[in-house]
Amino acid sequence: MTSVRLPLFPLNSVLFPGLVLPLNVFEARYRAMMRDLSAVPEDDRRFAVIAIRDGREVAATAQGMPDNTLPASDGPAAGFGDDPVQAFHTVGCIADAATIREKSSDDDTGYEVLATGTTRFRLLSVDASGPYLTGELEVLEDDDGEGAGALASGVVRAFRTYQKRLAWANERTLSSGQDLPADPSVLSYLVAAAAVLDVPAKQRLLEAPDTAARLAQELKLLRQESAVLGKLPSLPAVDLTRQPTSPN
């Protein structure tokens, strides 16, 4: 098994390969990470994004729900308990920072970062000895699995129905003419990111063993969500293709 060690960036969301991740970095531990990444060649500015199982993105908090009665804490593992690896999901996504732009304020210097998800990984261990968390990662291969092509066709149809019903529920007009990717793997990640699902559901899609398994899960989820949407009069507006900006 080949492993790699990279800076670890925990989020309350799931990043998928091929998807863009904008970050607004202001916390000390993540500013230190971006300073270090800025000092390496542009083609090697990689960090590991992992979804938080329990904890908070922003220090200082206790693990889980914030407790204002506790003393403030800082450091690389602040908010993630005594054993940070337990606070994170097992599978995450390596991100490539295409842009790291320094921005100054009266108090300190933050960073605006634009990164893209590249490769899935399995988290093996977490090191909290430095200014920010680092993780030992096992890079995961993306296999098509059996029947990915046929499943992709079904997912495209189900996703179109889902989009229409979601747009109707939000009393919005669905923009037409947007082609979905033909590659089953790329399609599976795009649909996983665009569907309005909670973090555990998106995490299960990221952890799927291969593309066919991910598409099969998506086909079931899209049909279920479309059936629910068909019975609801209205829902809060949601931008399907927008990835939320993290306030780290």
Side-chain angles (χ1 to χ4, degrees), residues 11-23 49-51 89-96 98 114-121 140-246:
L11 288 175
N12 282 318
S13 58
V14 179
L15 177 64
F16 294 94
L19 273 295
V20 175
L21 176 68
L23 295 169
V49 174
I50 194 80
H89 285 281
T90 306
V91 175
C93 183
I94 295 173
D96 184 6
L114 191 64
T116 303
T118 60
T119 311
R120 296 184 308 144
F121 67 82
L140 299 177
E141 298 293 334
D142 269 331
D143 297 322
D144 281 346
E146 187 175 352
L151 284 164
S153 298
V155 167
V156 168
R157 292 191 296 270
F159 185 62
R160 289 303 189 198
T161 300
Y162 170 77
Q163 283 184 305
K164 291 176 182 177
R165 293 193 176 178
L166 187 62
W168 172 83
N170 290 327
E171 299 179 347
R172 301 171 64 193
T173 301
L174 180 67
S175 60
S176 59
Q178 182 181 12
D179 293 331
L180 292 172
D183 183 274
S185 177
V186 177
L187 174 70
S188 74
Y189 288 130
L190 176 62
V191 170
V196 183
L197 302 169
D198 60 16
V199 169
K202 286 181 178 283
Q203 183 65 34
R204 286 191 292 272
L205 292 175
L206 183 68
E207 293 178 4
D210 54 46
T211 298
R214 185 175 304 107
L215 290 168
Q217 288 185 45
E218 289 169 350
L219 189 58
K220 181 179 179 180
L221 284 169
L222 290 170
R223 288 171 174 171
Q224 290 175 342
E225 294 296 311
S226 294
V228 171
L229 288 169
K231 298 177 182 179
L232 295 180
S234 63
L235 289 173
V238 176
D239 186 346
L240 285 178
T241 59
R242 181 183 177 189
Q243 285 289 89
T245 299
S246 170

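Numbers here simply count residues along the sequence, with the first being 1.
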Regarding Arg160 and Gln163, is there a side-chain donor-to-acceptor distance under 3.5 Å anywhere?
yes
Which heavy-atom pair separates Leu15 from Ala95 by the least distance, and what is that distance?
CD2-CB, 4.0 Å
So, for Val155 and Leu219, which heavy atoms are closest and what is the spacing to 0.1 Å?
N-CD1, 4.0 Å
What residues, two or more places apart in sequence or in another chain, satisfy side chain to side chain contact (heavy atoms under 4.5 Å, CB included) together with Ala150?
none
Stepwise side chain to side chain contact (heavy atoms under 4.5 Å, CB included) check, Leu187 with Val156
CA-CA 8 Å; Leu187 174 70; Val156 168; 3.8 Å; yes
Using a 3.5 Å distance criterion without hydrogens, assess whether the side chain of Lys202 forms a donor-acceptor pair with backbone atoms of Ala193.
yes
Could you pull out all residues at least two apart from Gln203 that satisfy side-chain hydrogen bond (donor to acceptor under 3.5 Å, both in side chains)?
Glu207
Look at the side chain of Arg214 and the backbone N and O of Leu205, then say whether any donor-acceptor pair between them is shorter than 3.5 Å.
yes
Who pairs with Ser153 by side chain to side chain contact (heavy atoms under 4.5 Å, CB included), at least two apart in sequence or on another chain?
Arg157
Under 3.5 Å: donor-acceptor pair, side chain of Arg165, backbone of Leu229:
no
Closest approach of Pro17 to Cys93 (non-hydrogen atoms, all atoms of both residues):
N-SG, 3.7 Å
Please enumerate all residues that pass side chain to side chain contact (heavy atoms under 4.5 Å, CB included) together with Glu146, with sequence neighbours excluded.
none
What closest approach, in Å, do Ala148 and Thr211 show between heavy atoms, and which atom pair accounts for it?
CB-CG2, 4.3 Å
Give a yes or no answer on whether the side chain of Asp210 reaches the backbone of Ala212 with a donor-acceptor pair at less than 3.5 Å.
yes
Could you tell me if the side chain of Ile50 sits less than 4.5 Å from the side chain of Phe121, heavy atoms only?
yes
For Arg120, give me all partners under salt bridge (Lys or Arg N to Asp or Glu O under 4.0 Å), at least two apart in sequence or on another chain.
Asp142
Residues in side chain to side chain contact (heavy atoms under 4.5 Å, CB included) contact with Thr118, at least two apart in sequence or another chain
Ile94, Asp96
What is the minimum heavy-atom distance between Glu225 and Val196, and which atoms define it?
OE1-O, 4.5 Å
